[in-house]
Amino acid sequence: MIRWLVRRMMMISCSGRRFHPGSRGLFIIMLMMAWFCGCKDASQWEGQEQVKRVSTQTVPIQLQYRGTFDLGKGLFVSNEFEGARLNGAARTNDTLITLLITPENTPVNNSPWYAFKIWSEKACGLYVHITYPEGVTHRYFPKMSRDGLNWTPLDSSRCFSTMKTTEKGEVVPVDLTFQLTIDRDTSWISAQELLTSLQLERWIRHLETRPYVSDTIIGKSHEGRAIQLLKIGTGDDQKMIMIFSRQHPPEVTGYLAMQTFVETISADSELAKNFRNEFTAYVVPVINPDGVYHGHWRHNGGGVDLNRDWANLNQPETRAIRDFMSQKTVATGGKFYFGIDFHSTQEDIYYTIPPEMEGNMPGLVPAMIRATTGELDGYEPNIKPNSPDEPRITSTSYFFFEYGAEAVTYEVGDNTSRVFIRRKAEVSAIKLMELMLQRTSRHQTDIK
Ligand SMILES: [Zn+2]
């Protein structure tokens, strides 16, 4: 009966083909193929289209109702926690519930960021159908947790998507249905691991057990949340680097990479000690705390994509960072040599400054990527330099064109193995520190 219902539902809503993956790997591969079928080269993704200038004036957003949905017969779902969205829940029949996930405002990037808690007074199996507004495609493979902290991907043989052919001829998944067994204890389901303000505070407190790490608040978000800045190092701020993350709330894999990158720079190794004697690292781990809190798909509390606001600086979050960086260079006469901004997308890719443009440490970013690649067996980096005529509205442009900092947008795939995310970020930080120290000592030798 259950299978018939799901099959029936999929047939009704499916204008393309039905899809029933046999394994999670196959499921992910098929999703990738569906997404990337417009790409010319199947071996390497071409990345996103060039960024476009958009208004970054504040616009209204739609906050979600937070509460517990009583779906009858002892079944409950809830979104009473930080991060991600659940915008509606209804019981379709005895064994099927339908959930609605909507964005904070539109137009918005395709990042349907869902999470919910679910429990039942009586242990039972049921199907969960996650739906999105027209035009949105399913993106994140669901993870389950019993405590909201430790996450495991669902069994893909129990997950189904309705595939639809778009006007461009692309075959895309437009929803998600999965089978779940629940009981009185809460189960959490989320698009990606939930990493919110609680985990951020714990992480900062942990880093601050080291005497050379401190944190400060450099401004307030649209809704008044603190924008926290970590300082790593005890130097005189003559040579600085900037590290950003979480302009876009669902981009958890980028955040994981940022954490390892920062932990490596904060480590007790000889290399990291030497680095911290020369360079100070400043880190803004969550640039968009309102978006992370509310579970926005992309935007801040002002309904704006912050990574399009680095020219106009209309939003309090970007202005806080502008004020900090300009104050640093004016007050100390110091320079920013490097800037990195961590994000997530379909697969790992680096967006870089056009290679012919030179900043304060020419060639640093390509050298870091080359050196990192040399340490990772079988890894082929995907590097996409920005076009020289691209609008200078992203953080990477801001680092480079305002401060001469060699800059990179470090994108991590949504489904990249968490172990590999950590490994690559660790190697990247090691190679960056080695290269920056080599170049500093070479420079000092030159001027003697
Ligand atoms: Zn992003």
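Atoms within each ligand, like the ligands themselves, are counted from 1 in listed order. Every value quoted in this text rests on a predicted model; they were computed, and no experiment measured them.
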Atom of [X] closest to the Zn ion (ligand 1), considering N, O or S atoms:
X: H248; value: ND1
X: H343; value: ND1
X: E251; value: OE1

Polar contact flag, side-chain donor to acceptor under 3.5 angstrom, H299-N105
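Their side chains do contain a donor-acceptor pair, which is all the 3.5 Å distance test asks for.
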Hey, can you tell me if F244 and W310 have their rings parallel, tilted or perpendicular (30° and 60° cut-offs)?
parallel
Relative to each other, are the rings of W297 and Y132 parallel, tilted or perpendicular (30° and 60° limits)?
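Rings of W297 and Y132: perpendicular, over 60°.
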Would you say NZ of K220 has more than 12 non-hydrogen atoms from neighbouring residues, nucleotides or ligands within 6.0 angstrom?
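No.
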